[in-house]
Structures are given as structure tokens and as C-alpha cells.
Amino acid sequence: MRFSKLFAPTTKDAPKDALLPSHIYLVRAGFVSQIGSGIYNFLPLGKIVLDKIRAIVKEELDNVGCQEVQLGFITPSELWKESGRYDKFGKELLRFKDRKNNEFVLGPTHEEAMVDLVKNRIKSYKQLPLNLYQINTKFRDEARPRYGLLRGREFLMKDGYSFHENDEDLKREYALIEKTYAKILDRLGLTYRAVEADSGAIGGSGSKEFMVIADNGEDDIVICDGCEYAANIEAAKRTKSILKDDEVEMQAGEFHTPDVKTIEQLSDFFKIPSEFFVKAVAKKAIFSDHEEIILFFVRGCDQLQETKALSICGALDFEDATDADLQSVGLIAGFIGPDVENIKVYVDGELEDEEMLICGANRENYHYVGYTFKDKEFDFVDLVTVEEGDICTRCGGKLSTTKGIEVGHIFQLGTQYSEALGATFLDRNGKAQPFVMGTYGIGVSRLVAVIIEQHHDDRGCIWTKESAPFDVDIIVSNVKDEVQSAFAQKLYEQLRQKGKSVLLDDRADRFGVKISDFELCGFPLAVIVGKGLKEDKVQIVNRKTLVKEEVAIDKIFDKLMELV
Ligand code: ATP
Ligand code: MG
């Protein structure tokens with residue numbers, strides 16, 4: 001490709017709302033442009049990168065026996081109603097009607113559509129397992145589309161779905177796809193961790209997210225310094241810390257605590273550390289058909305992990321409960337304790353055997369001292385947010401937190417969708433069984449931005465080997481110099497003949513413009529054909545290190561063949 005013909009409108013101006021390097025550089029370097037909130041056009045350079053990522057994903061998946069299909073982007077609402085997700089998915093699901101009043105959704109994910117495709121077509125266990133995937137546009141009406149390609153409303157996803165006769169075979173496939181995802185991310189040159197994810201009712205090792213480590217990540221992940229354990233903060237577990245009860249003395253009973261409401265105030269008032277207090281977190285839980293106040297109790301020094309709390313109570317969302325909301329169910333903010341009537345209560349599992357605690361007395365200006373959870377009939381569940389320095393449940397190592405961007409998610413789904421949609425096969429005993437399913441996603445367009453989040457400097461993009469739109473940028477320093485032009489042209493042709501992807505910067509611009517475009521666009525190597533040619537020399541620039549190296553013209557071809 002000749003730069004003079006390339007549609008790559010580079011600019012010095014960053015988009016006004018752009019905060020992250022990937023957003024700024026991908027727009028400035030002319031890889032993408034925004035056409036609407038959360039909707040992006042891919043220009044030629046961006047499209048090359050997108051297609052390269054897509055090709056790597058496809059190659060690795062096809063290698064392990066997955067088959068590519070392409071489903072309609074638009075899905076009839078009927079299927080979503082059958083699965084029960086039409087109401088549950090909330091506002092991210094964009095619904096619309098056609099001229100005949102038929103209802104549709106813009107596909108945000110395709111479990112329903114894929115089950116429908118397989119239903120009545122795969123009839124026997126003999127046709128299983130089957131793993132189908134597509135690399136296709138998705139639409140989610142995200143509440144806050146931002147960060148360019150990282151959180152768009154329209155984006156490209158690889159979504160795969162596997163069908164099995166039993167759990168054991170699903171687990172085998174799940175492990176295989178986990179390995180395959182690792183290969184894909186390795187090839188893209190990314191540093192990542194596969195972390196345990198929140199998977200609602202399914203739990204445990206049923207779901208993993210692939211997190212690319214990045215300072216600007218939206219996800220908090222917990223990693224252990226002693227073993228392989230890594231988890232999303234939404235699912236992270238820790239070892240319970242032992243309270244030193246013998247250090248505090250308490251006389252059981254109600255205690256007058258006028259206007260003392262927060263854990264901090266209480267800790268000051270009683271001169272007792274915050275771990276001995278029970279903190280009530282009241283939420284207004286939103287369900288599809290009603291709202292309800294739910295109480296969550298954690299230790300005074302801990303924070304409620306909202307995603308854990310949401311999956312436990314099955315609500316769609318939480319809102320903070322106002323004092324008025326609390327009053328309406330007979331609760332007094334600042335003095336709420338666990339012994340309430342007609343209100344759903346969940347208690348953090350670490351409190352289960354505790355005996356010497358202080359909690360609200362459910363009476364204004366009173367707390368209860370010496371409260372015990374022992375032998376009480378509460379729902380004891382994991383509710384806390386793991387923090388830096390907590391102890392790993394597996395090896396006793398220290399846990400630390402870091403930021404990540406989710407690029408992939410693999411999930412042992414089970415029979416949830418096949419049952420809802422009545423998709424069955426005949427098992428070895430001739431009995432109809434619902435398919436056991438797995439689902440696997442990769443954010444293909446998000447990966448374009450993620451590569452830059454992890455690989456950039458203050459001059460621009462630094463593409464990794466397999467993601468770079470071109471391997472080499474041959475810069476003609478002065479196009480009016482016929483010797484320079486002729487030499488560059490010849491090198492360009494030679495490399496192209498060998499199948500290398502080469503850009504020839506033959507623009508009439510100043511050298512400074514060309515080198516800064518090279519740096520902004522982030523091709524791995526540049527060859528500068530300039531004044532040195534008179535002494536039979538050209539320069540190679542490494543984009544990552546910015547190191548320049550002089551190379552004799554009779555060596556340059558071999559040298560590039562070796563590097564690229
Ligand atoms: P997130 O928590 O980031 O919203 P998600 O859990 O909703 O992601 P999945 O439903 O598991 O994501 O989708 C699979 C993959 O699709 C994600 O791992 C991510 O890489 C990508 N993805 C999801 N939402 C978006 C988006 N709004 N823009 C770009 N890529 C996305
Ligand atoms: Mg999402």
C-alpha cells in the first residue's frame with residue numbers, strides 16, 4: 001500500500017471526550033471514527049487490524065474443531081420471551097417493531113438464536129459434541145458507552161456455543177476453549193489472567209473471564225502472590241480472619257448511643273475496633289415485578305460486594321434505600337440490627353459463629369452489645385469485598401488487587417436455555433434430554449483498543465507483531481529525490497513479492513510529518529530512505545524502542561526478511 005493513496009486521516013486533535021490512550025490514538029491515527037454514541041466506523045487501518053484479530057480467533061477456534069456460522073443480527077422477540085430474558089435483560093436490549101408489527105431485538109448475545117438453530121436438527125447423542133461460533137455485530141444499549149471501542153453500543157464479538165450430552169463433556173470442552181483463548185491472547189501479544197468470575201447461581205469454576213492487565217481497566221481483579229488463584233472482585237474469596245475476642249469485654253444488652261450511627265462513630269464511642277460491629281447495608285432491590293427493601297449484614301470493617309449481593313437475592317438491580325424507604329418498613333437508619341420481621345436478611349458467612357458483636361437494636365438511639373449469630377437461622381452467604389492484603393483460601397498467600405479489561409468470558413451454562421426452549425436430543429438410552437451447553441465470548445473490536453491500552457507510549461500506538469496493520473513502513477525522506485524514490489520503490493516491491501505487508505510512505509510531505517505518522521500509527525518497523533543513501537545506507541527504526549540502526553543497502557532486504 002502507498003501512503004499517498006491510503007485513507008488514513010491522521011490528526012493532532014483528540015476527540016473531546018477521549019480520556020484513554022486507545023481512544024485518543026485510534027481516532028488520531030485514523031483507525032476509527034465515531035458516527036454516533038458508542039458507534040464507530042472502521043477506516044482502512046482499523047479494518048486491517050480488526051480482520052487480523054478476527055483471523056487469529058478463527059484460526060485457533062477452527063483448529064480445535066469449532067465451526068463458524070453466521071446468525072441474523074436481528075432476532076425475533078419471540079425467542080427472547082421463550083427464554084425469559086426479554087424482561088430480564090433490561091434496557092441494554094434494543095427492541096423494535098417492523099411494519100407488520102412483529103417484534104424484534106437487536107442481538108446483544110445469541111444463546112436463544114443458537115439453541116433455535118440446533119433444535120430439531122441435532123437429534124442424537126451421536127451428533128454431539130458440537131461447538132458453533134460466529135464473529136458478528138452485537139448491539140447493547142449500554143447506559144454509559146465510553147472509552148471508544150472499549151465500551152461501544154455496536155461492537156464485534158465472537159460468540160460461541162457448545163452442545164453436549166453431559167456435564168463431563170462440557171467440562172472437557174470448557175478446558176479446551178480456555179486453552180484456546182490463552183493461545184489467541186498470546187498471539188496478540190497481550191498480558192492477561194484468566195480469572196474466576198461471578199456466574200450467579202452456577203457458581204464456582206463455572207465461569208472465567210480473560211482479563212488483560214491494564215491501568216485503565218474498569219474491572220478490579222484479585223490475584224494471589226503465592227499460587228495461581230485469580231478472580232474478579234465480584235467473585236473473589238478470602239480466608240476469614242480470626243477475631244481476638246479476648247481483647248474486648250462486653251456486657252450483653254441494649255446500650256444508649258444517642259446520634260451515634262456510623263461504624264466510625266460507634267468505634268470511637270465504644271473504643272472498640274470496627275471488626276466487632278455489624279454493619280447493616282440496606283438496598284432497594286429491583287425485581288422485574290416488584291421492589292423490596294433487603295438488608296445485608298457485614299462486619300463493620302468490610303464492604304458489601306454488590307454483584308455478590310445481587311446474584312444472591314436474584315434482583316435485577318439495586319438502588320440505595322433512602323431514610324424514607326427504611327421508615328416505610330419500620331427501620332431506623334443508623335440503628336438497624338439483624339433481628340427484624342418481614343424483611344429479607346442476608347448475613348455474611350464470616351459472621352456465622354461470632355458471639356461478641358455490636359449491632360443496631362432496631363430502636364432509635366440504641367445499639368445492642370454482645371450480639372451473637374451462633375445458632376441463629378439466617379442465610380449466611382459470602383457478601384464481602386476482598387481487599388488488598390487478605391489471605392488466599394487456597395494457599396494462605398497474600399491477595400492483591402489490580403485493574404483489568406475483560407476481553408473474553410467462558411461459561412458453563414448447563415441446560416438453562418435448552419430447557420427453556422425445549423431443545424433436546426436422544427441420549428444413549430433413547431431418552432430425550434436437554435442439551436448441556438457452554439458459551440464463550442471474545443470482544444473482537446474491544447481487543448483492537450485493548451492492544452493499544454497495553455502497548456503505547458506518548459507518541460502513539462505500538463502494534464504487536466500479529467496485530468500490526470503493516471509490518472514495515474518504508475519512508476522516502478524526500479520524494480523529489482529520484483534515487484531515494486527508486487530505491488524505496490524497489491525494496492517495497494521485493495518485500496511485497498515475498499508476501500510481506502508493507503506501506504510505502506511516498507507522500508510529498510516533510511520528513512517530520514512522515515516520521516510522526518509512523519510513530520502515531522505504530523507500525524513495528526520503519527525504513528528511512530534518506531540522505532544516507534549517498535553512502536549506501538538506510539536506517540531501520542524500531543517503533544517500540546525508537547532505536548535507530550544504520551544498515552547497508554545490500555543488507556537491508558535480508559535484514560528485513562529476518563525481522564519481519
Ligand atoms: P462487560 O462486563 O465489560 O460489560 P460483559 O460481561 O457484558 O462485559 P459478555 O456478555 O461476557 O460481556 O460479552 C463477551 C465479550 O464481549 C466481553 O468479554 C467483552 O470483551 C465484549 N463486550 C461486552 N460488552 C461490550 C461493549 N459494550 N463494547 C465492546 N465489547 C464488549
Ligand atoms: Mg456488559
Side-chain angles (χ1 to χ4, degrees), residues 20 22-23 26 32 34 36-40 42 46 50 53-54 57 61 85 88-94 105-114 133-161 174 177-178 181-182 184-185 188 190 192-200 202 206-214 216-221 231-235 306-307 310-311 316-317 403-413 417 437-454:
L20 302 195
S22 62
H23 189 184
L26 287 172
V32 299
Q34 188 175 359
S37 167
I39 308 177
Y40 283 83
F42 281 79
L50 189 69
I53 297 172
R54 184 189 191 125
V57 170
L61 289 174
R85 279 210 290 186
K88 269 197 214 141
F89 214 83
K91 289 186 176 159
E92 275 188 28
L93 186 67
L94 193 70
V105 303
L106 284 187
T109 173
H110 282 78
E111 281 78 8
E112 287 84 355
M114 204 61 97
Y133 74 94
Q134 60 170 343
I135 301 175
N136 209 351
T137 302
K138 295 278 177 281
F139 190 91
R140 294 182 184 178
D141 202 353
E142 297 269 356
R144 281 190 298 161
R146 61 203 151 133
Y147 308 145
L149 296 180
L150 288 178
R151 187 166 298 285
R153 294 199 297 163
E154 183 185 289
F155 56 97
L156 191 68
M157 197 207 285
K158 169 261 148 180
D159 48 325
Y161 309 83
Y174 178 81
I177 300 297
E178 180 175 350
Y181 274 27
I184 291 167
L185 299 180
L188 289 172
L190 292 165
Y192 61 90
R193 290 290 288 256
V195 310
E196 284 178 15
D198 161 57
S199 43
I202 293 170
S207 163
K208 276 190 183 174
E209 288 162 344
F210 283 79
M211 291 283 182
V212 166
I213 310 297
N216 294 321
E218 283 187 285
D219 286 285
D220 291 297
I221 56 188
N232 191 310
I233 193 101
E234 297 172 348
E306 287 209 4
T307 306
L310 269 177
S311 6
L316 298 175
D317 204 0
K403 293 275 181 193
I405 305 173
E406 181 192 325
V407 295
H409 194 174
I410 57 176
F411 207 105
Q412 295 178 29
L413 207 50
Y417 292 91
M437 290 179 63
T439 167
Y440 319 92
I442 294 185
V444 177
S445 54
R446 180 179 282 186
L447 274 168
V448 175
V450 165
I451 293 170
I452 298 310
E453 275 316 310
Q454 216 174 56

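Indexing begins at 1, ligand by ligand and atom by atom, following the structure's order. The basis for the numbers below is simple: all heavy atoms, side chains too, and nothing from hydrogens, waters or symmetry mates.
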Would [X] count as a contact of ligand 1 if the rule is a heavy atom under 4.0 Å away?
{"X": "Gly152", "answer": "yes"}
{"X": "Leu150", "answer": "yes"}
{"X": "Leu447", "answer": "no"}

- Message: Quick one, Lys403 with Asp219, criterion salt bridge (charged side-chain N to carboxylate O under 4.0 Å, His left out). Give me CA distance, side-chain angles, the key distance, then yes/no.
- Response: CA-CA 6 Å; Lys403 293 275 181 193; Asp219 286 285; over 6 Å; no

- Query: Relative to atom 12 (O) of ligand 1, which among Glu142, Arg144, Glu406 owns the nearest non-hydrogen atom?
  - Reply: Glu406

- Note on the structure: Min over Glu154, His409, Met157 of heavy-atom distance to atom 13 (O) of ligand 1 lands on Met157

- Item | ligand 1 to Gly441 polar contact by distance, N or O atoms, under 3.5 Å | no

For ligand 1, does [X] get within less than 4.0 Å through its side chain, its backbone, both, or neither, judged by non-hydrogen atoms?
{"X": "Arg151", "result": "both"}
{"X": "Arg446", "result": "side chain"}
{"X": "Thr109", "result": "neither"}
{"X": "Glu218", "result": "neither"}

Per-atom contacts, ligand 1 versus [X] - under 4.0 Å to a heavy atom:
{"X": "Leu149", "result": "29 (C)"}
{"X": "Val407", "result": "18 (O), 20 (O)"}
{"X": "Gly408", "result": "18 (O)"}

Is a side-chain N or O of [X] found less than 3.5 angstrom from the main chain of [Y], in a donor-acceptor match?
{"X": "Arg153", "Y": "Ser37", "answer": "yes"}
{"X": "Lys158", "Y": "Tyr440", "answer": "yes"}
{"X": "Arg140", "Y": "Glu92", "answer": "no"}
{"X": "Glu453", "Y": "Ser22", "answer": "yes"}

- Minimum heavy-atom distance between Tyr192 and Leu190, given as atom pair plus value: CD2-O, 3.3 Å

- Per side-chain contact (heavy atoms from CB on, under 4.5 Å), Leu150 is matched among Val450, Val448, Ile452 by Val450

- Message: Run the salt bridge (charged side-chain N to carboxylate O under 4.0 Å, His left out) test against Arg54 and tell me which residues pass, sequence neighbours left out.
- Response: none

- Looking at residues at least two apart in the chain, or sitting in another chain, which of them share a side chain to side chain donor-acceptor pair (under 3.5 Å) with Glu306? Lys283

